[in-house]
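Beneath this line is the structure, given in structure tokens, with notes to follow.
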Amino acid sequence: MIPTLDAARIAARDADALDVLRNVAEGVGFLKVGNAGLSPARMRFVLAAYRAFFDRPEAEKRAVDMARTGANRGWGASGSEQVDPQANPDFKQVFDCGFELAGSDLAVYAPNLWPERPEGFRAVIEAYYRDACAVALGLLRGIAEAIGEDRGYFDDKFDRPMALLRGNYYPPRPDWAGAKDFGIATHTDYGCLTLLATDGVPGLEVRLRGGGWAAVNADSGTFVINFGEMLEMWTDGRVKATPHRVVGGNAERLSVPLFFNPNYETNVAPMGSGRTITAGEHLSKRFAETYTHLQTG
């Protein structure tokens, strides 16, 4: 059961909403959120911008190919990621952008790569990145309160966030696809909180705690929220990261996840453990295991 919550009720510290949020965090690890301040019309506009980019000729997309960089910035061709080493590389195109930190030599703060076309693409995506990060931080405040921490616990740990915004383009599943071919294979997200918008085309499947898979779909303006490995570790298991996948179907599909992750130097070891695990080290290791252009073996 994937519940739907009103973001305004979470922000208002509604007791029933926080109770549902706690149960989700401890259980299935997925929920849907509406009334987050990003309207259906706004989301259709953002999705249309990504679609216009993915529809450009491949030569134009190659001009911002992340394979030429040491970071996850720009376009990634089909097969540029492999989230499950037991499956084939993922059958999708992506476009990534993130937080830029001037003067930093860290790949997680690298300069973004922007295409010349479609016109206005950069402005649309940068504005959405800013607003989506604000929504994600508000949800994290609700999570903190729901699990018994101070509501502002996460605030100062996200002022230079390693937040990655991605556009995913999943083409129709080809006839030749086999048991090891996925739009994105089974995985858990690497960071803290994922804020996912989709075009409404089905595809996302969540592994249930008791076994089996459940489809999760949302209309424009409603977001799918899930939690990542880093937050599960950080909260000492009070928040669960849940495996999920996209097998692919007969229709093409667009999705826009924001992977909301803290500042590089944030200690994400289990709260109160006395250990130190920096968010940047954890995330950089997981990126190196996933992006084919960062792999040296």
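Along the sequence shown, the residues carry numbers beginning at 1.
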Heavy-atom donor-acceptor pair, [X] side chain to [Y] backbone, under 3.5 Å:
{"X": "N217", "Y": "G200", "answer": "yes"}
{"X": "K157", "Y": "Y153", "answer": "yes"}
{"X": "Y109", "Y": "Y264", "answer": "yes"}
{"X": "N267", "Y": "A269", "answer": "yes"}
{"X": "D90", "Y": "G79", "answer": "no"}
{"X": "T266", "Y": "V268", "answer": "no"}
{"X": "T235", "Y": "L231", "answer": "yes"}

Least distance between heavy atoms, [X] atom then [Y] atom:
{"X": "V28", "Y": "I2", "result": "CG2-CD1, 3.7 Å"}
{"X": "A49", "Y": "P118", "result": "O-CG, 4.2 Å"}
{"X": "S284", "Y": "V108", "result": "OG-CG1, 4.0 Å"}
{"X": "V206", "Y": "T242", "result": "CG1-CG2, 3.6 Å"}

State which residues pass side chain to side chain donor-acceptor pair (under 3.5 Å) with E126; sequence neighbours excluded, sorted by chain then number. R122

Test side chain to side chain donor-acceptor pair (under 3.5 Å) applied to D65 - qualifying residues, sequence neighbours left out: R62

Strictly by ring pair (Phe, Tyr, Trp, His ring centres under 6.0 Å), give each pair with a member in [range] just once, sequence neighbours left out.
{"range": "residues 196-233", "answer": "none"}
{"range": "residues 116-148", "answer": "Y50-F121, F53-F121, F95-F121"}
{"range": "residues 161-190", "answer": "F54-Y169, F91-W176, H187-H244"}

Is V20 reachable from L208 through a run of I, L, V, M, F, W or Y residues, each pair having side-chain heavy atoms under 4.5 Å apart? no

Report yes or no: do L193 and I277 belong to one cluster of Ile/Leu/Val/Met/Phe/Trp/Tyr joined by side chain heavy-atom distances under 4.5 Å? yes

State whether [X] and [Y] are salt-bridged, where the test is any N-O pair (Lys NZ or Arg NE/NH1/NH2 against Asp/Glu carboxylate O) under 4.0 Å.
{"X": "E252", "Y": "R51", "answer": "yes"}
{"X": "E100", "Y": "R160", "answer": "no"}
{"X": "R245", "Y": "D84", "answer": "no"}

With sequence neighbours left out, which residue pairs that include part of residues 212-237 fulfil the salt bridge (charged side-chain N to carboxylate O under 4.0 Å, His left out) condition? E229-R286

Applying salt bridge (charged side-chain N to carboxylate O under 4.0 Å, His left out), which residue pairs with at least one partner in residues 177-187 are found, sequence neighbours left out? none

Across all chains, not counting sequence neighbours, the side chain to side chain contact (heavy atoms under 4.5 Å, CB included) partners of D16 are R9, D14

With A8 via side chain to side chain contact (heavy atoms under 4.5 Å, CB included) - residues at least two apart: D6, N35

Under the side-chain contact (heavy atoms from CB on, under 4.5 Å) rule, what do R253 and D199 come out as? Steps first, then yes or no, please. CA-CA 7 Å; R253 178 176 181 267; D199 62 358; 3.9 Å; yes

How long is the straight-line distance from CZ of R68 back to CH2 of W75, given to the nearest 0.5 Å? 11.0 Å

Approximate separation, where rounding is to 0.5 Å, of N261 CG and L283 CG: 5.0 Å

Less than 4.5 Å apart, side chain to side chain, heavy atoms only: is that true for [X] and [Y]?
{"X": "F30", "Y": "K240", "value": "no"}
{"X": "E26", "Y": "V239", "value": "no"}
{"X": "L258", "Y": "R166", "value": "no"}
{"X": "M271", "Y": "E149", "value": "yes"}
{"X": "L254", "Y": "V201", "value": "no"}
{"X": "F154", "Y": "C192", "value": "no"}

Assess the residue pair R73 and D96 against the criterion (salt bridge (Lys or Arg N to Asp or Glu O under 4.0 Å)); give the C-alpha distance rounded to whole Å, side-chain angles, the decisive distance to 0.1 Å, and a yes or no. CA-CA 5 Å; R73 297 291 195 268; D96 289 352; over 6 Å; no

Go through the steps to decide whether E281 and K285 satisfy the test salt bridge (Lys or Arg N to Asp or Glu O under 4.0 Å), and finish with yes or no. CA-CA 6 Å; E281 291 169 350; K285 176 179 181 291; over 6 Å; no

Side-chain polar contacts of residues 137-145 - donor-acceptor pairs under 3.5 angstrom, sequence neighbours left out - could you list them?
{"unit_1": "R141", "atom_1": "NE", "unit_2": "D155", "atom_2": "OD1", "d": "3.1"}
{"unit_1": "R141", "atom_1": "NE", "unit_2": "D155", "atom_2": "OD2", "d": "3.2"}
{"unit_1": "R141", "atom_1": "NH2", "unit_2": "D155", "atom_2": "OD2", "d": "3.1"}
{"unit_1": "E145", "atom_1": "OE1", "unit_2": "R13", "atom_2": "NE", "d": "3.1"}
{"unit_1": "E145", "atom_1": "OE1", "unit_2": "R151", "atom_2": "NH1", "d": "2.6"}
{"unit_1": "E145", "atom_1": "OE2", "unit_2": "R13", "atom_2": "NE", "d": "3.1"}
{"unit_1": "E145", "atom_1": "OE2", "unit_2": "R13", "atom_2": "NH2", "d": "2.9"}

Give the intermediate values and the outcome of side-chain contact (heavy atoms from CB on, under 4.5 Å) for residues I125 and L165. CA-CA 9 Å; I125 302 309; L165 180 64; 3.7 Å; yes

Does the side-chain contact (heavy atoms from CB on, under 4.5 Å) test come out yes or no for I184 and V83, once each step is laid out? CA-CA 7 Å; I184 185 167; V83 298; 3.8 Å; yes

So with a 6.0 Å cut-off around CZ of R117, is the heavy-atom count from everything else above 12? no

More than 12 heavy atoms of other groups within 6.0 Å of N250 CG: no

Residues that F158 engages under ring-ring contact (aromatic ring centres under 6.0 Å, His included), provided they are two or more places apart: F260

Partner set under salt bridge (Lys or Arg N to Asp or Glu O under 4.0 Å) for D19, not counting sequence neighbours: R22

Consider only side-chain N and O atoms of D189 and T194, and report whether a donor and an acceptor are under 3.5 Å apart. yes

